[in-house]
Visitor: 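What follows is a single structure, and I will ask about it in a moment.
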There are 2 protein chains.
Amino acid sequence: MSTPRARQRRLSAATVARLPLYQRVVADAALRGESVVDSTVLGTRAGVTPATVRRDLAGLGTLGTRGTGYEVDLLGQRLAEALGHDRRCDVVLVGLGHLGHALATSRTFLAPGARLSALYDVDPEVVGTTVGGLVVHDLADGVEAASVAVLAVPAGAAQDVAERCVRAGIRALLNFSPTVLRVPPGVAVQDVDLSTELQILLYHLHHGTGPLAGGLWRDLAPGASDALS
Amino acid sequence: MSTPRARQRRLSAATVARLPLYQRVVADAALRGESVVDSTVLGTRAGVTPATVRRDLAGLGTLGTRGTGYEVDLLGQRLAEALGHDRRCDVVLVGLGHLGHALATSRTFLAPGARLSALYDVDPEVVGTTVGGLVVHDLADGVEAASVAVLAVPAGAAQDVAERCVRAGIRALLNFSPTVLRVPPGVAVQDVDLSTELQILLYHLHHGTGPLAGGLWRDLAPGASDALS
DNA sequence: GGATGTGAAGTAGTTCACAGCC
DNA sequence: GGCTGTGAACTACTTCACATCC
């Protein structure tokens with residue numbers, strides 16, 4: 001146990017945001033029975049240039065083979081490790097409107113290692129019901145400790161809910177409310193604002209503007225789409 | 001009508017992504033009865049540095065007053081204009097699972113100017129029902145023309161749905177599926193991957209890494225939170 | 001031959017710091 | 001006095017291009 005996990009350098013935020021993408025492409029490649037992928041196919045499938053792929057993956061340590069590419073199994077393993085898929089982690093979800101319901105029952109939302117540990121709402125009609133195998137608790141009864149809280153609540157309630165979560169010792173919030181949360185230092189907030197995403201798209205549509213972080217204006221692959229199924 | 005809309009320079013993608021945030025803060029300020037805001041309060045409320053606020057807003061033309069700040073009404077007007085809130089725009093939504101349902105019934109998802117014009121699904125149990133005042137049509141019967149399509153469908157269906165939309169003449173897709181879509185040039189795709197957002201948050205939590213595009217590790221405001229009721 | 005990994009160049013975005021105006 | 005708007009410095013990210021190794 002001398003150098004347990006010190007293989008990878010510090011990854012940039014931009015790289016981290018792409019790791020889940022690579023992970024998905026690699027898992028898919030494994031399912032298709034491919035044993036090796038190179039940066040070009042990884043890139044086209046992930047919507048990223050080959051150079052960026054290589055730069056990103058180089059940050060995980062030396063795992064490619066020159067002249068060949070990346071071994072799918074090994075790459076998948078390293079990505080899972082970097083993304084912390086081996087670590088258990090409890091997630092609580094607050095707000096069981098349609099969005100909360102969608103998240104609680106989604107098969108793909110939770111990363112490997114993450115487990116939904118509790119659900120909360122304030123609506124008496126919802127409290128006590130079962131969603132995705134978990135009973136919905138009353139937010140007023142307090143929030144249990146966890147690693148992450150997902151906030152799928154109306155804007156007006158978000159700050160209050162965030163404070164309850166922080167008081168419960170939760171240090172990472174995934175915020176779906178259109179609100180900028182005030183949290184103490186040491187608490188991470190990741191905002192996902194669905195209406196903002198639409199507005200960004202509309203802006204680029206109206207102004208005919210080009211590529212955006214999310215990867216706009218992607219080209220159709222030259223060959224036919226390689227039908228999966 | 002000599003220089004109708006040529007007031008603003010070309011805005012960077014990063015700036016565009018922040019405009020909706022400013023817009024919200026400004027609308028909120030107007031509701032509170034504030035008539036002027038400066039870059040510092042705008043910044044703290046939007047979770048952005050004052051310098052960035054000024055740089056961003058300067059791109060909309062000269063609209064601040066030195067020594068004072070930005071007039072709320074004027075700023076709101078310019079932001080709305082830049083975001084195209086005056087332009088009508090039809091949005092179709094495909095997929096009425098919980099997520100689609102949430103989007104279709106949300107009061108905040110659609111930007112001003114945007115109107116939901118049609119809903120589609122493939123599930124016979126859902127087709128024909130009414131959601132948010134609109135009847136759900138069968139996707140197999142074809143997609144009507146619109147400016148934007150929102151894809152809230154399972155990953156396996158996303159590419160097919162995207163192609164139907166493109167065939168219907170839609171040139172902007174908001175994609176909630178964990179899939180990289182292949183589209184012809186000239187079609188804009190904005191990806192929103194909810195599971196990726198969680199994974200990014202988990203990475204930063206595990207590795208104790210710092211600020212991210214979304215704005216992690218925000219500080220608590222020095223004063224008490226200015227309680228809005 | 002062919003693909004990785006990486007210095008070096010190029011581009012985009014942020015922050016500083018201050019001149020200019022109210 | 002105070003705050004905007006912006007050149008200039010800085011930092012972050014991407015892309016090129018090639019030496020390196022299989």
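Worth saying up front: this structure is predicted, and the values here are computed from it rather than measured.
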Visitor: Does one side chain, of A/Gln190 or B/His204, offer a donor that lies under 3.5 Å from an acceptor on the other?
Guide: no
Visitor: For a quick check, tell me whether the side chain of A/Arg66 and the base of D/dT20 share a donor-acceptor pair closer than 3.5 Å.
Guide: yes
Visitor: Side chain of A/Ala14 only, heavy atoms from C-beta on: which candidate in C/dC22, D/dT14, C/dG13 is closest?
Guide: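 Nucleotide nearest to A/Ala14's side chain: D/dT14.
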Visitor: Distance check: side-chain N/O of A/Thr49 vs OP1/OP2 of D/dT15, anything under 4.0 Å?
Guide: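 Yes, because at least one side-chain N or O of A/Thr49 sits under 4.0 Å from OP1 or OP2 of D/dT15.
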Visitor: Is the shortest side-chain N to carboxylate O distance from A/Asp56 to A/Arg18 below 4.0 Å?
Guide: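 Judged by the 4.0 Å cut-off on N to carboxylate O distance, A/Asp56 and A/Arg18 do form a salt bridge.
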Visitor: If you pin A/Asp56 and B/Gly67 to their nearest nucleotides in DNA chain D, which one's is more 5'?
Guide: B/Gly67
Visitor: Taking only side-chain nitrogens and oxygens of A/Tyr70, does any of them come within less than 4.0 Å of OP1 or OP2 of C/dG5?
Guide: yes
Visitor: Would you kindly give the CG-to-P distance between A/Leu63 and C/dT6, to the nearest whole Å?
Guide: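 Rounding to the nearest Å, CG of A/Leu63 and P of C/dT6 are 11 Å apart.
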Visitor: Let me know the distance between CG of A/Leu75 and P of C/dG5, rounded to the nearest Å.
Guide: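 So the CG-P distance, A/Leu75 to C/dG5, works out to 10 Å.
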Visitor: Tell me: CZ of A/Arg78 to C1' of C/dT4, nearest whole Å?
Guide: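 Computing the A/Arg78:CZ to C/dT4:C1' distance gives 15 Å.
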Visitor: Starting the side chain at C-beta, find the nucleotide from D/dC22, D/dT15, C/dT14 nearest to A/Ala51.
Guide: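 Looking only at side-chain atoms, A/Ala51 lies closest to D/dT15.
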Visitor: Do the side-chain N and O atoms of B/Tyr70 and B/Asp38 include a donor-acceptor pair separated by under 3.5 angstrom?
Guide: no
Visitor: Could you tell me how far apart B/Leu60 (CG) and D/dT6 (P) are, to the nearest whole angstrom?
Guide: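 Result: 12 Å.
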Visitor: Just how far, in rounded Å, is P of D/dC3 from CG of B/Leu57?
Guide: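 These atoms are roughly 15 Å apart.
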Visitor: Output the rounded distance in Å from CZ (B/Arg54) to P (C/dC21).
Guide: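 Atom-to-atom, B/Arg54 to C/dC21, this comes out as 16 Å.
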Visitor: Verify the contact: side-chain N or O of A/Arg18 to OP1 or OP2 of D/dT14, cut-off strictly under 4.0 Å; return yes or no.
Guide: yes
Visitor: Does a side-chain N or O of A/Thr52 approach OP1 or OP2 of D/dT15 to a distance below 4.0 Å, or not?
Guide: yes
Visitor: Return the minimal non-hydrogen interatomic distance between A/Ile170 and A/Ala149, and the atom names on each side.
Guide: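 Scanning both residues, the minimum pair turns out to be CG2-N, 3.6 Å.
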Visitor: Apply salt bridge (Lys or Arg N to Asp or Glu O under 4.0 Å) to the pair A/Asp28 and A/Arg24, showing each step before the final yes or no.
Guide: CA-CA 6 Å; A/Asp28 192 57; A/Arg24 218 158 51 211; over 6 Å; no
Visitor: Between C1' on C/dG1 and CG on A/Asp38, what's the gap in Å once rounded to a whole number?
Guide: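 Computing the A/Asp38:CG to C/dG1:C1' distance gives 14 Å.
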Visitor: OP1, OP2 of D/dC3 versus side-chain N and O of B/Ser39: anything below 4.0 Å?
Guide: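 No, outside the criterion.
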Visitor: With a 3.5 Å cut-off and just heavy-atom distances, do the side chain of B/Arg55 and the base of D/dG7 make a donor-acceptor pair?
Guide: yes
